[in-house]
Amino acid sequence: MDKFVITGGIPLHGSVVISGAKNAAVAIVAATILADEPCVLENVPEISDISISLRILYEMGASIKILGKNTIRIDTRGISDPVVPYDLARSMRASSYFLGTLLGRFHKADVPMPGGCDLGDRPIDQHLKAFNSLGAEHTIDGGIVSLRADSLIGSQIYFDINTVGGTINAIFAAVKAQGLTVIENAAKEPHIVDLANFLNSMGADIMGAGTDVIKIRGVNRLKGVTYAIIPDQIEAGTYMVAAAATHGDVWINNIIPKHLESITAKLRKVGATVEEYDECLHIYTSGPLVKTSLKTLPHPGFPTDMQPQFSTLLTTAEGTSVVTDDIFDNRFRYVSELRRMGADITVEGTTAVIQGVRKLKGATVRATDLRAGAALVIAGMMASGVTTVENIFHIERGYENIDDKLKGLGADIKRVSDYENARKIV
Ligand code: EPZ
């Protein structure tokens, strides 16, 4: 499997353009199942989670046309067999969105239990609760979740916990149901608002996305539209942290500053300077970074998807930092890899205590999931010497051309394939 080989100690400088948001795009691609006409999606990131989503649609009978870089035409009218292929579904969490969309259109769905980043237990009980509220019965047999409904009737859905995927799947199942659905304790992430905007542009009637209460009046028909995906809040945050952690000076273009407020605030707290403009920002440091305490929260709080990256920055910040991330059972699996590089971190349950050290030292490390992989790339750029990051397939699930973008910022990063490695040996 491919690796990144990074020579660290180079402050990033220059400008980078942010791609479309992964977690909006995977939902919107799945949502095309609900469309009665073809859709054209723009600013779609070229990442493996999107490739897999498109492959699943194609295997079910949709027609997919690449119209240009990051622009795709999707016509799902040809889908007749709402069964999602097992191996494709297991490779990502977003395959759960085919439950809500197939149920919303066909009143039936057979989808393998989702896979994705190993962050501990990731049940779908709240998704099933939403489907049951609307009139669907579910069974789970052989790793396949099967939904059946004679009809879908709007209802009250109250989520016991804040769930992005559960909120998105409830919207999918309700958007063509009969009558009014009210979702309470809804997640408020920017990708939920983007999805609602996409569906409303097709003729859906969704109010309150981005707040705790979302009201949906079912409609019979959703027309085809052309729609541009919002910029990726987490990709942008990752480059912001990389710039600060390497004491660089970077312009980040194609962003929505409001989506980055919690990340910007934390970076300013540790000593970075962030200058915000309408669709870009300028981040640089003018001295050492200092400790902070951090607790991840649902949006608009500090996003859990930025925790590994920010914790990595804190490994060389002056003082002792405390990071708590209890959104998932275990989102600190990357810490053992950072310790190989000299980081001084102790983890107790869902809290990490980070003693700042003077410098990280290059080592061979292994990506354990998508954001952990990005964090290890940042660590490699911060460290003295050479760092090899293995299992970079995790990273490519959610970051478009991360090595080219970092090279554009002056980083010394090379992609090495195992084949090249093997050739060197023989
Ligand atoms: C989405 O995952 C994102 N993935 C994750 O991003 C992100 O970390 C997460 O939201 C939180 O923001 C996609 O959008 C594809 P949740 P999701 O349902 O929907 C528990 C990345 O790096 N829960 O909000 O799976 C769950 O176990 C990825 O881009 C239940 O208990 O997250 C977790 O502890 C990683 N029952 C918590 O809720 C349920 O039915 C939050 O999960 C559903 C969730």
Side-chain angles (χ1 to χ4, degrees), residues 19-31 45 47-50 52-53 56 89 91-100 113-133 138 140 145 157-173 183 185-195 229-230 232-238 259 262-263 296-310 325-331 333-334 349-350 367-375 394-400 402:
S19 302
K22 158 181 144 359
N23 291 343
V26 291
I28 288 169
V29 165
I47 54 177
S48 54
D49 270 15
I50 291 298
I52 291 166
S53 300
I56 288 172
S91 61
M92 60 176 194
R93 178 75 178 178
S95 52
S96 65
Y97 295 157
F98 292 103
L99 282 167
M113 286 292 278
C117 292
D118 179 3
L119 308 173
D121 187 21
R122 297 179 76 179
I124 60 167
D125 58 298
Q126 299 296 305
H127 301 235
L128 298 174
K129 173 181 178 177
F131 299 144
N132 296 159
S133 304
H138 75 269
I140 299 177
V145 183
I157 299 170
Y158 181 84
F159 284 122
D160 306 325
I161 51 168
N162 195 282
T163 163
V164 168
T167 302
I168 287 175
N169 254 336
I171 291 172
F172 286 147
I183 303 170
N185 192 21
K188 299 180 274 196
E189 271 65 11
H191 28 293
I192 289 172
V193 176
D194 203 27
L195 172 68
I229 309 279
I230 54 169
D232 195 312
Q233 156 204 44
I234 305 300
E235 185 194 18
T238 301
H259 293 169
S262 62
I263 302 165
T296 62
L297 288 168
H299 192 77
F302 189 91
T304 175
D305 291 349
M306 282 299 305
Q307 179 268 107
Q309 302 92 308
F310 207 93
D325 186 354
D326 47 23
I327 300 275
F328 290 99
D329 297 344
N330 179 3
R331 199 158 195 175
R333 291 178 58 225
Y334 64 92
T350 58
T368 52
D369 61 68
L370 164 57
R371 306 303 174 184
H394 285 295
I395 304 172
E396 295 179 313
R397 289 186 48 213
Y399 288 92
E400 180 179 273
I402 186 170

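Counting starts at 1 for both ligands and their atoms, following the listed order. The figures that follow rest on heavy atoms only: side chains count, while hydrogens, waters and symmetry mates do not.
- No side-chain heavy atom of Ser262 sits less than 4.5 Å from a side-chain heavy atom of Met306.
- A 4.5 Å side-chain heavy-atom check between Leu195 and Ile28 finds at least one atom pair inside the cut-off.
- Of the possible polar contacts, one joining the Asn185 side chain to the Phe159 backbone as a donor-acceptor pair under 3.5 Å is found.
- Using a heavy-atom distance under 4.0 Å as the criterion, the protein contacts of ligand 1 are Lys22, Asn23, Arg93, Tyr97, Leu119, Asp121, Arg122, Pro123, Ile124, Asp125, Gln126, His127, Ile161, Asn162, Thr163, Val164, Gly165, Thr304, Asp305, Ile327, Phe328, Arg331, Leu370, Arg371.
- With hydrogens and angles ignored, the 3.5 Å screen pairs a side-chain donor or acceptor of Asp194 with a backbone N or O of Ile230.
- At least one donor-acceptor pair under 3.5 Å links the side chain of Glu235 to the backbone N or O of Ser19.
- Lys129 places a side-chain N or O within 3.5 Å of a backbone atom of Tyr158 that can act as its donor or acceptor partner.
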